[in-house]
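For reference, the structure is listed below as C-alpha cells.
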Amino acid sequence: MLPRENRMRRSSEFASVVRSGERARRGHVVVHRHSSLHTGKPVVGLVVGKSVGGSVARHQVSRRLRAQLASRLDGLADGSGLVVRALPGAAQATSAELGADLDAALNRLARSR
RNA sequence: CGAGCCGGCUGGACGGCCGCGUCGGGAUCUCCGGAUCCCGCCGAGGAAAGUCCGGACUCCACAGGGCAAGGUGGUUGUUAACGGCAACCCGGGGCGACCCGCGGGACAGUGCCACAGAAAACAGACCGCCGGCGCGCACGCGUGCUGGUAAGGGUGAAACGGUGGUGUAAGAGACCACCAGCGUUCCGGGUGACCGGAGCGGCUAGGUAAACCCCACCUGGAGCAAGAUCGAGAAGAAUCACCUUGGCAACAAGGUGAUUUGCGCAGACGUUUGAGGGCGGCCCGCCCGAGUCUGCGGGUAGAUCGCUAGAGCCUGUCGGCAACGGCAGGCCGAGAUGGAUGGCCGUCACCCGGCGCGCGAGCGCCGGGGACAGGAUCCGGCUUAGAGGCUGGCUCGUCCG
C-alpha cells in the first residue's frame, strides 16, 4: 500500500492536477501528471468510478493500482502530483497488465517533457 | 433403500516476500502543533447489500383537541419498538411430515362485473314442459295465437340452496322432512380469536374493499453530509521570489510559494494641524499617502468531537409449549474519511475435465475452478443475491427381523 505521505488527500489537488496537468491514456488507465504541484514528496491519487464496476470490483482495482504505484514512486520527481483514472474494463485486468499500462503512460509523459 | 418435509452450522487452511489503518508502549527529531522509526494487540459479512419497516441518538417544531395525509388489519402473547417473531384460531392444499393466506366491514352508501348467454342484481322465457282458443287430421298428433311455468337443456367464474316427498294442467319453499347456510336465544368450554350442543325464525342471502368508502389502532418533521466546538482564509486583485516553456535579449504565457487586501456591528485616531506605511539599529530627515487600528459577532475550507461497551457476546441455570424473559459467571470483537483490513507467489485439502494403471473400492499425472458480495452513527427485523460443504429431527413407501 502507499505510505501516507505519498497519498493525495485534498480535492483541490485532484482538481488542479486533472485540470491543468498533462495527460496520457494507455490500456485501462488515464494518467494525469502535474510536475510542480507542491513542495515535498510526490503524491498519487486514484479515481475509480462506478463505470468500472460494483463496490468490490472498484476496491480491488484501486488496491491493485496502489500496489503497482507504490513500486514506481522512485521514478516520480519531488513536488509532482499524479492522478490515475481507471477506465471501464480495468476490473478484468490483472495486476501485471495494469502495471504495464502504467509504465507505458509514464514513459509517454516522460518523453513529452 | 427410495421419495419427500422442516430446520441448524459453515462460507477454505497454512506459509514466504513486500505493505496499510486504529490503539498502547518506547526511541529520535521538533517551528511544541506534531513528524519519523521500532515493538505489541486488534483490524469486514451472513447477508456488511437493497434501504423496505421499527427504534436509539441529534436538531427543529409542539398547551390541548380536531381535520387532512400515510400506514397497519384473525386472537393472545413477546419486545425499546415494529408491517418482526411465537403459539393458537379460521379458510384452502397435501395420504402424511407440513405448507399457503394482501385473514376487519359488502344489510352505511356509491361504483364495477369483460366474453359467452334468452337473461348478470328490484334478474331472466332461447329450447323445453303445460293449459285455453282456432285450424288441419292418418285421431298417435301437427300448427297458429294467447297465457302459465325456473323441474330439465345449453352459456358462464357465478343463474336466486341440495336430496326426497306432498302438491299441480305443468311447476315452484307453495307446503313438509332431513342436510347445508344465514340470523337469533340459551347452555357448556376457552384470557381471546373461536369451538361444541340445544331451540326458534324466515325459507336463501352473488362477487369485488391491492375500487372509492366505513370502522379500530398507530404516526410531528428532517436526518451522523444529524449536530457540537475551534476556525485560517479562499476566489479576484496587487507586490515579490522561484520553476517550466518560447525567445539572442527585453519580455510573454503557465504554474508554485510568501505577503497584503475580506463580511456584519461598535469604538478610537486621521485627510496638509498627516492616521498609517517605506528607507533605517534608533532619532532627525526624506518619500508614499486616505484610510488605519482595536474589540465583539457570524462563519467558508479545514481540523477536532459525535465515534463506537452495546436493547452487546458466550456459558450455565430457572420460568415459559414457544417467541422471549429473570439470575449468576466470564469476555471486549473494526472505527477508516480520496476512505485501512491488502499486492504477488507457493503448498495442502475440496470440486470438474482429460489421460494412464488396477478385477474393483481407488491411485497417479496434467489442466482448470472456488460463489454472492465489502463497513461509513449504532442496533432489532424483513427482502433479495449466493459456488459449495457438514449436520439434526420428522413423514410416506418397499424389503428384512
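To find a chain, count down the sequence lines: A is the first, B the second, and so on, and within it residues start at 1.
- Annotated as anti: B/A387, whose glycosidic dihedral deviates from 0 by more than 90°.
- You'll find that the side chain of A/Arg63 is closest to B/G343, out of B/G343, B/G339, B/A373.
- Here the side chains of A/Leu65 and A/Val29 are in contact, with some heavy-atom distance below 4.5 Å.
- If you take CG of A/Leu46 and P of B/G339, they are 7 Å apart, rounded to a whole angstrom.
- Put simply, NZ on A/Lys50 is 13 Å from C1' on B/A49, counting in whole angstrom units.
- B/G46 has its base syn relative to the sugar, with a glycosidic angle deviating from 0 by at most 90°.
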Exercise for the section: Dump the intermediate steps for side chain to side chain contact (heavy atoms under 4.5 Å, CB included) on A/Val30 and A/Leu87, then the final yes or no. Expected result: CA-CA 7 Å; A/Val30 177; A/Leu87 298 172; 4.0 Å; yes
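- Nucleotide B/G134 carries an anti base; the chi torsion (O4'-C1'-N9-C4 or O4'-C1'-N1-C2) is more than 90° from 0.
- Under the 4.5 Å side-chain criterion, counting only non-hydrogen atoms from C-beta, A/Val47 is not in contact with A/Val84.
- Pairing of B/A340, defined by two Watson-Crick or G-U wobble distances under 3.5 Å, is not identified with any nucleotide.
- Here the straight-line distance linking atom CD of A/Glu97 with atom CD of A/Gln92 works out to 10.0 Å at 0.5 Å rounding.
- With a cut-off of 3.5 Å on both pairing distances, B/A121 has no Watson-Crick or G-U wobble partner at all.
- Base pairing of B/U292: its partner is B/A268, meeting the Watson-Crick or G-U wobble criterion (both donor-acceptor distances under 3.5 Å).
- Distance A/Leu65 CG to B/G338 C1': 14 Å, rounded to the nearest Å.
- Rounded to a whole Å, the NE2 atom of A/His32 is 17 Å from the P atom of B/G255.
- Rounded to a whole Å, the NE2 atom of A/His59 is 10 Å from the P atom of B/A376.
- Proximity note for A/Ser95 (side chain, C-beta onward) versus B/G375, B/G343, B/G339: the nearest is B/G343.
- B/G333 has its base syn relative to the sugar, with a glycosidic angle deviating from 0 by at most 90°.
- A/Arg64 places no side-chain N or O within 3.5 Å of a backbone atom of A/His59 that could act as its donor or acceptor partner.
- The pairing partner recorded for B/C200 is B/G183, the criterion being a Watson-Crick or G-U wobble arrangement whose two distances lie under 3.5 angstrom.
- A distance of about 35 Å separates the C1' atoms of B/A174 and B/G142, rounded to the whole Å.
- In a base pair of the Watson-Crick type (N1 to N3 plus N6-O4 or O6-N4) or a G-U wobble (N1-O2 and O6-N3), with each distance short of 3.5 Å, B/A106 is matched with no nucleotide.
- Base orientation at B/G140 is syn, since its O4'-C1' glycosidic dihedral falls within 90° of 0.
- Comparing B/G167 with B/A172, their P atoms are spaced 13 Å from each other, to the whole Å.
- A/Leu69 has its side chain within reach of A/Leu82: a pair of non-hydrogen atoms, C-beta onward, lies under 4.5 Å apart.
- With C1' as the reference atom, B/G43 and B/G374 are 14 Å apart, rounded to whole Å.
- Here the separation of B/U72 from B/G83, taken at their P atoms, is 9 Å to the nearest Å.
- Between B/G353 and B/G375, the distance separating the two P atoms is 37 Å to the nearest Å.
- Using Watson-Crick or G-U wobble geometry with both donor-acceptor distances under 3.5 Å, B/A3 finds its partner in B/U395.
- Mapping A/Val44 and A/Gln60 onto RNA chain B by nearest heavy atom places A/Val44 at the nucleotide closer to the 5' end.
- Listed nucleotides: B/A373, B/G375, B/G339. Nearest to the side chain of A/Arg66: B/G339.
- Distances shown here put every side-chain N or O of A/Arg72 at or beyond 4.0 Å from the OP1 or OP2 atom of B/G343.
- Here B/G325 sits opposite B/C318 as a Watson-Crick or G-U wobble pair (both hydrogen-bonding atom distances under 3.5 Å).
- Rounded to whole Å, the separation between the C1' atoms of B/U337 and B/A234 comes to 23 Å.
- The partner of B/G73 is B/C215, judged by Watson-Crick or G-U wobble contacts that both fall below 3.5 Å.
- For B/C344, the OP1/OP2 oxygens have a side-chain nitrogen or oxygen of A/Arg64 closer than 4.0 Å.
- With rounding to whole Å, A/Leu69 atom CG is found 15 Å from B/G342 atom C1'.
- In this structure, A/Arg26 contributes its side chain and A/Asp101 its backbone to no donor-acceptor pair below 3.5 Å.
- Checking A/Ala57 against A/Thr94, the closest nucleotide of RNA chain B that is more toward the 5' end is the one next to A/Thr94.
- For the pair A/Gln68 CD and B/C20 P, the interatomic distance rounds to 16 Å; values are reported in whole Å.
- Annotation: B/U110 and B/A121 have their C1' atoms spaced 15 Å apart (nearest Å).
- Side chain to side chain, A/Gln68 and A/Arg72 meet the donor-acceptor criterion of an N or O pair below 3.5 Å.
- One P atom belongs to B/U75, the other to B/C194, and the distance between them is 9 Å to the nearest Å.
- In this structure, A/Arg58 atom CZ and B/A49 atom C1' are separated by 13 Å, rounded to whole Å.
- Of the candidate nucleotides B/G343, B/G374, B/G338, B/G338 has the atom lying nearest to any side-chain atom of A/Val47.
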